[in-house]
Amino acid sequence: MDEQGSTAGLAQPRRHKLYREELNLTSPAVPLPLRPEASWLQFHLGISRDGLYPRSSSVVNRLLRDMQKFPTVSADYSQDEKALLGACDCSQIVKPSGVHLKLVLRFQDFGKAMFKPMRQKREEETPEDFFYFVDFQRHNAEIAAFHLDRILDFRRVPPTVGRLINVTKEILEVTKNEVLQSVFFVSPASNVCFFAKCPYMCKTEYAVCGNPHLLEGSLSAFLPSLNLAPRLSIPNPWIRSYSFDGKEEWEVNPLYCNTVREIYPYSNGNRLLNIVDMAIFDFLIGNMDRHHYEMFTKFGDDGFLLHLDNARGFGRHSHDETSILAPLSQCCIIKRTTLLRLQLLAQPEYQLSDVMRESLLQDPLAPILTEPHLLALDRRLQLILKAVSKCIDTYGEATVVANDTAQPRVPVSDRVKLDT
């Protein structure tokens, strides 16, 4: 069947049933129709080899509005999406704990989003003595990361929006999970609170509380089911040591990239360039916790890398962790399109902090970042450009800057299809 025929087939009842079952959204009562125009479905259909959504996507703006306004129909603890159907055992790296509380909220039209509650006030910085792997997860970091990713034209962060959630009406009263119901309580200040149920560090001290019912949080749109659009979780070659005193090889060997280049798929194609893109993004937000990355299997080895789980970004505006840039500084390669975008955002009339400030004003919870965090973006951008200049001075522009401006025409068959 041709592509147009496959897409048209979404209107068939069998496809409706498949989509509901794959998202575990079946209702034992009255079967609900799947509206083809639903923003969640249109977002999934828009995923292509180029990114999670097209440039200037009206669907993304509609999806953001729907996540912000639609009433919740159910709430539950999240299943660890990083497990990826057994393809990745991340339990040795990130264990469930009270500081990692997140919930899956479901909406009408089979919408589903990851809710991360506010754990830290915007003006608070991560303490200097905190290790990156025990840092708080910040809801505003998830929101800001989506906006920055879109400004950089990466389009690899799922649409994310801020929302005030009534924890009583929109979580407690709609959840069927008895464990989640059991961890709700009223604090001495008469605020409604809840906490995570997990093996350790899960006490009322780690609870999140409404005021008295309303709680800020981020909502990130779910990607298509793994059964519909399989993904791989792959260890980051520049993974950090998740111990108090250990160091990885890249931290002590300045020639580490030579070793990486000998290993497939980093030996050819775009994978290493995409790793550099990810490092640039993480450096700008200050995220040291990128231990794995994910990819859609459909797009092959040169597909884009998903920039998921950004809640540990924007923790310290007063510190620039240049070790995050190791893939760039050690490999000395960068896409021309990435470099051109960075150079544009360094111009006074398109200054990154100004563009981010204006973009973040669109979010219902604005202001999302404090002014020091916005100014830190400009400072870090200059450090990236200096690192690129140093590489060019050493190896020459032809070696450092990869020409990716002439992209081949993407066939329609490279779209994520819900019937494959």
Side-chain angles (χ1 to χ4, degrees), residues 19-32 34 38-40 63 66-83 94-119 137-139 142-143 158-187 189-226 309 311 364-365:
Y19 195 68
R20 288 197 300 272
E21 288 177 348
E22 293 297 347
L23 291 181
N24 294 319
L25 293 174
T26 52
S27 170
V30 180
L32 299 174
L34 174 62
S39 59
W40 325 89
L63 176 59
D66 290 347
M67 286 194 293
Q68 199 268 323
K69 293 184 178 298
F70 279 6
T72 59
V73 297
S74 73
D76 203 350
Y77 284 125
S78 70
Q79 299 297 317
D80 191 1
E81 287 288 305
K82 293 176 185 175
V94 181
K95 294 183 173 66
S97 75
V99 295
H100 299 139
L101 177 57
K102 54 187 178 181
L103 300 175
V104 177
L105 302 185
R106 300 180 193 272
F107 309 90
Q108 66 189 59
D109 283 333
F110 309 105
K112 185 164 68 168
M114 184 69 73
F115 173 71
K116 294 187 178 181
M118 182 174 74
R119 305 304 302 254
Q137 296 206 9
R138 288 167 285 274
H139 73 301
E142 290 282 11
I143 300 167
T160 304
V161 69
R163 175 167 171 169
L164 272 175
I165 290 287
N166 186 311
V167 298
T168 302
K169 293 184 177 180
E170 297 181 284
I171 297 178
L172 177 59
E173 293 181 3
V174 299
T175 185
K176 296 179 181 179
N177 187 315
E178 294 181 357
V179 176
L180 179 55
Q181 293 171 352
S182 70
V183 296
F184 273 78
F185 65 96
V186 178
S187 74
S190 299
N191 294 321
V192 179
C193 310
F194 65 98
F195 57 95
K197 192 76 172 179
C198 54
Y200 74 112
M201 280 181 64
C202 294
K203 306 173 184 177
T204 56
E205 300 97 290
Y206 299 100
V208 292
C209 299
N211 183 26
H213 300 276
L214 295 180
L215 174 65
E216 278 193 22
S218 63
L219 287 171
S220 299
F222 263 64
L223 299 174
S225 158
L226 292 171
D309 294 332
L365 298 183

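Just so you know, these numbers use all the heavy atoms, side chains as well, and skip hydrogens, waters and symmetry mates. Throughout, numbering of the chain's residues begins at 1 and tracks the sequence.
Evaluation of the side-chain hydrogen bond (donor to acceptor under 3.5 Å, both in side chains) rule for S187 yields no partner, not counting sequence neighbours. Evaluation of the ring-ring contact (aromatic ring centres under 6.0 Å, His included) rule for F70 yields no partner, not counting sequence neighbours. Contacts of D66 classified as side-chain hydrogen bond (donor to acceptor under 3.5 Å, both in side chains), with partners at least two apart in sequence or in another chain: S39. Residues satisfying the side-chain hydrogen bond (donor to acceptor under 3.5 Å, both in side chains) criterion with N166, sequence neighbours excluded, are absent altogether. For the side-chain hydrogen bond (donor to acceptor under 3.5 Å, both in side chains) test, no residue two or more places apart in sequence or in another chain qualifies with T72. For the ring-ring contact (aromatic ring centres under 6.0 Å, His included) test, residues two or more places apart in sequence or in another chain that qualify with F194 are F184.
Annotation for S218 and I143: closest pair CB-CG1, 3.8 Å, computed over non-hydrogen atoms. When all heavy atoms of N191 and P212 are compared, the pair lying nearest together is OD1-CA, 3.1 Å. Smallest separation of non-hydrogen atoms from A113 and F107: CB-CE1, 3.8 Å. Across every non-hydrogen atom of K169 and V174, the tightest pair is O-CG1, 3.6 Å. Taking each heavy atom of A311 and K116 in turn, the nearest pair found is CB-NZ, 4.0 Å. Across all non-hydrogen atoms, the minimal contact from L215 to G210 is CB-CA, 4.2 Å.
No donor-acceptor pair under 3.5 Å is formed between the side chain of Q108 and the backbone N or O of P71.
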Exercise. Side chain to side chain contact (heavy atoms under 4.5 Å, CB included) between Q181 and T175: does it pass, once the steps are laid out?
Worked result: CA-CA 7 Å; Q181 293 171 352; T175 185; 3.6 Å; yes
For this session: Give the intermediate values and the outcome of side chain to side chain contact (heavy atoms under 4.5 Å, CB included) for residues R119 and L101.
Result: CA-CA 9 Å; R119 305 304 302 254; L101 177 57; 3.8 Å; yes
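Here the NE2 atom belonging to H213 is positioned 11.0 Å from the SG atom belonging to C193, to the nearest 0.5 angstrom. With rounding to the nearest 0.5 angstrom, the CG atom of L63 is 9.5 Å from the OG1 atom of T160. Between the OG atom of S225 and the NZ atom of K112 there is a distance of 7.5 Å, given to the nearest 0.5 Å. Rounding to the nearest 0.5 angstrom, the gap separating the CG atom in D309 from the CD atom in Q137 is 7.0 Å. Separation of atoms CG (L164) and CG (N211) is listed at 9.5 Å; rounding is to 0.5 Å. In this structure, the separation between CG on L180 and CG on L103 is 6.0 Å, given to the nearest 0.5 Å.
V104 is listed as a side-chain neighbour of S78, based on a closest heavy-atom distance under 4.5 Å.
For the side-chain hydrogen bond (donor to acceptor under 3.5 Å, both in side chains) criterion with R163, the lone passing option out of E216, H139, E170 is E170.
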